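Notes follow the structure.
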Number of protein chains: 2
Amino acid sequence: MDNYWAEPDRGEANRVFAALADPTRRAVVHRLGAGPGTVSELARDFPIALPSFMKHLRVLETSGLIRTRKTGRVRSCELNRERLALVDDWLAAQRRSWEAHTDRLQAFTEERP
Amino acid sequence: MDNYWAEPDRGEANRVFAALADPTRRAVVHRLGAGPGTVSELARDFPIALPSFMKHLRVLETSGLIRTRKTGRVRSCELNRERLALVDDWLAAQRRSWEAHTDRLQAFTEERP
DNA sequence: CCAATAGTTATCCATAAAGCTAAGTATTGC
DNA sequence: GCAATACTTAGCTTTATGGATAACTATTGG
């Protein structure tokens with residue numbers, strides 16, 4: 001288990017998973033999959049106040065899942081697919097460890113029938 | 001965006017993502033990838049009190065990520081890989097929608113060079 | 001220039017989350 | 001049967017999260 005708690009809250013994966021835990025934020029990620037958008041463009045689809053929505057954007061940004069950039073008075077947001085891949089990687093790691101386990105189990109049962 | 005907020009907190013995906021948001025719970029999932037274990041066996045690896053740890057197990061169980069079963073005084077836990085696949089599915093859906101978008105974009109740019 | 005637009009900051013509030021201790025309930029080994 | 005084992009339940013505390021409002025700071029478009 002090699003002391004996982006060494007990362008209290010920093011830790012990339014941690015922030016990414018935490019960001020995806022909220023349905024609003026997952027919806028934003030989904031929406032940004034269809035291309036970039038400005039803050040108010042994105043906010044239109046959600047039944048919450050702008051400042052509340054902005055908080056979600058900030059969480060997404062500090063998690064690295066989105067990147068934003070302000071031009072004039074408009075802030076544009078876009079998805080950062082690499083960060084999403086991080087989740088993929090974690091999943092793959094679980095799968096690998098699971099497979100390794102069943103492999104060992106198989107080897108064992110095959111050795112002594 | 002078809003009103004995502006119709007699901008306040010029930011909603012399978014929601015609970016799965018929320019469950020994975022905590023590092024302790026992710027570590028448990030990881031550990032269970034190497035095969036089932038009893039509550040105290042699992043708890044040994046973590047620096048928190050047993051009741052606190054049990055809460056995590058309950059969250060994991062109600063999310064469907066693990067299944068548990070009590071035999072005598074011992075409760076055994078095992079990973080439910082299908083639920084983990086749900087995350088995979090979500091990721092795949094994002095990728096699909098992203099690809100669809102870039103495809104349309106490509107088609108457009110190719111049509112009018 | 002000035003009004004509308006697009007964010008941003010600052011507070012505040014309610015609830016949920018993660019942790020703890022203490023005490024309780026079954027099971028099991030001797 | 002009785003002590004140790006293996007959880008469970010109950011209650012409490014602290015902090016984080018998700019939401020709101022009000023007021024503020026740029027940028028435009030006309």
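Here is how names work: the chains are called A, B, and so on, in the same order as the sequence lines, proteins then strands, and each is numbered from 1. This one's a predicted model, so the numbers in the text were calculated from it and none came from an experiment.
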| field | N/O (side chain, H56(A)) to phosphate O (OP1/OP2, dG19(D)) under 4.0 Å | value | yes
| query | Is the shortest side-chain N/O distance from S52(A) to OP1 or OP2 of dA20(D) below 4.0 Å? | reply | yes
| said: Counting only heavy atoms from other residues, nucleotides and ligands, does the tally under 6.0 Å from CZ of R75(B) exceed 12? | reply: yes
| Minimum heavy-atom distance between I66(B) and C77(B), given as atom pair plus value | CD1-CB, 4.3 Å
Output the rounded distance in Å from [atom1] ([X]) to [atom2] ([N]).
| X | N | atom1 | atom2 | result |
| --- | --- | --- | --- | --- |
| D22(A) | dT15(C) | CG | P | 18 Å |
| F53(A) | dT17(D) | CZ | C1' | 17 Å |
| I48(B) | dA17(C) | CD1 | P | 16 Å |
| L57(A) | dG19(D) | CG | P | 12 Å |
| R69(B) | dC7(D) | CZ | C1' | 17 Å |
| R15(B) | dA17(C) | CZ | C1' | 16 Å |
| N14(B) | dA16(C) | CG | P | 14 Å |
| K55(B) | dC20(C) | NZ | P | 10 Å |

| request: Using modelled atom types only, decide if a donor and an acceptor are shared between the side chain of R25(B) and the backbone of A18(B) within a distance under 3.5 Å. | output: yes
| query | Would you find a donor on one side and an acceptor on the other, under 3.5 Å apart, between the side chain of R15(A) and the backbone of G64(A)? | reply | no
What's the separation between atom [atom1] in [X] and atom [atom2] in [Y], rounded to the nearest 0.5 Å?
| X | Y | atom1 | atom2 | answer |
| --- | --- | --- | --- | --- |
| Q94(B) | L20(A) | CD | CG | 9.0 Å |
| R58(A) | H56(A) | CZ | NE2 | 11.0 Å |
| R31(A) | E41(A) | CZ | CD | 6.0 Å |

| remark: Heavy-atom contacts, protein to nucleotides 2-8 of chain C, under 4.0 Å, summarised as B (base), S (sugar-phosphate only) or - (none) per nt, yield --BBSBB
| task | Go through dT21(C), dG18(D), dA20(D) for me and flag the one nearest to the A49(A) side chain. | result | dA20(D)
